[in-house]
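The next block holds one structure in the form of structure tokens; read it before the comments.
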Amino acid sequence: MVPPSGETSEPWVGVLGSGDAEAMALHLKSLGREERVLWLATPSAAPERIQAAVQQMLAAGLCYGIREPGRGRLIYLGQCMPGDRPGGVELAFSATPDARGGPTLLALAWLLPRLAADGVQFVELRYRYNPAMEALVTRLQWRCETTRDGHRACF
């Protein structure tokens, strides 16, 4: 469900489905090499690899996103999957290079009440160290851990 282009001056935040697969693929293609490795397990931007990843994401868990005001372009992509711990979920997300600096807070403000209503007791985010992510998890007051694979923030 995408608002028609130009009808809103506010970012649209919501659940993504199979009708959003093309927008999700464009988002993944717009990411840098390192971020594609996180999402795709390869730096490749090959269309068939990106399409396969989108289908896996849609099948694996809740996909959500933020669309750019007015244009409807997907500028933020998130996924929420069952976590390793009972009652928990794991989050993954990315923003297009031109949309960094705030959409994660908007997405979490939309997502966390829904997770609480569904009885989720534990939220985990795995990420590679970067100053922006460290600042975000510090601001959110999430517990941070260093793992052999990178970093983990828990709420």
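Because only heavy atoms are used, hydrogens play no part in the values below, and waters and symmetry mates are left out as well, while side chains stay in. Sequence positions, counted from 1, serve as the residue numbers for this chain.
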Report summary line: Taking every heavy atom of Y64 against every heavy atom of C80, the minimum-distance pair comes out as CE2-N, 4.1 Å

Report task. Measure the CZ-CD1 distance between R73 and I66 for me, rounded to the nearest 0.5 Å. Result -> 12.0 Å

**Report entry** Short side-chain to backbone donor-acceptor contact, E124 and L91, under 3.5 Å
**Finding:** no

Query raised in the report: Is there a donor-acceptor pair under 3.5 Å between the side chain of R114 and the backbone N or O of W110?
Result: yes

Requested in this report: Considering non-hydrogen atoms only, spot the tightest contact between A45 and I50 and give its length.
Outcome: O-CD1, 3.6 Å

Report task. Taking the side chain as every heavy atom from C-beta outward, state whether L136 and L105 have any atom pair closer than 4.5 Å. Result -> yes

Query raised in the report: Does atom CZ of F155 have more than 12 heavy-atom neighbours from other groups under 6.0 Å away?
Result: no

Query raised in the report: Would you say the side-chain atoms of T96 and H27 include a donor-acceptor pair closer than 3.5 Å?
Result: no

Query raised in the report: Does L31 belong to the same Ile/Leu/Val/Met/Phe/Trp/Tyr cluster as L26, with side-chain heavy atoms less than 4.5 Å apart forming each link?
Result: no

Query raised in the report: Shared ILVMFWY cluster between M81 and F122, side chains joined below 4.5 angstrom?
Result: no

Report summary line: Looking only at heavy atoms, the pair that brings A21 and L58 closest together is CB-CD1, 4.4 Å

Query raised in the report: Would you call I75 and R67 a side-chain contact if the rule is heavy atoms closer than 4.5 Å?
Result: no

Query raised in the report: What are the two closest heavy atoms between A153 and V137, and how far apart are they?
Result: CB-CG1, 3.5 Å

Query - Sub-4.5 Å side-chain heavy-atom contact between F93 and L125 - result: yes

Query raised in the report: About how many Å separate CZ of R36 and NZ of K29, when rounded to the nearest 0.5 Å?
Result: 9.0 Å

Report task. Find the distance between CE (M24) and SG (C63) and round it off to the nearest 0.5 Å. Result -> 4.0 Å

Query raised in the report: Mind checking whether M57 and V37 sit in one hydrophobic cluster, side chains of I, L, V, M, F, W, Y counted as touching below 4.5 Å?
Result: no

Query raised in the report: When you look at Q121 and L115, which way does the side chain to side chain contact (heavy atoms under 4.5 Å, CB included) test go after all the steps?
Result: CA-CA 8 Å; Q121 300 169 0; L115 295 177; over 6 Å; no

Query raised in the report: How many angstroms lie between atom OG of S94 and atom CD of E34, to the nearest 0.5 angstrom?
Result: 13.5 Å

**Report entry** Test side chain to side chain contact (heavy atoms under 4.5 Å, CB included) applied to V54 and L28, step by step
**Finding:** CA-CA 9 Å; V54 167; L28 292 174; 3.8 Å; yes

Query raised in the report: Do L112 and L62 sit in the same hydrophobic cluster, where Ile, Leu, Val, Met, Phe, Trp and Tyr count as joined when their side-chain heavy atoms come under 4.5 Å apart?
Result: yes

Report summary line: dist Y76:OH -> W12:CH2 (nearest 0.5 Å) comes out at 13.5 Å

Query - Heavy-atom pair of closest approach, residues E35 and A95 - result: OE2-O, 4.3 Å

**Report entry** Sequence neighbours excluded - salt bridge (charged side-chain N to carboxylate O under 4.0 Å, His left out) pairs with any residue from residues 134-144
**Finding:** R143-E145

Query raised in the report: Is there a side-chain contact between V123 and W142 (heavy atoms, below 4.5 Å)?
Result: yes

Query - Euclidean distance, L16 CG relative to L77 CG, rounded to 0.5 Å - result: 6.5 Å

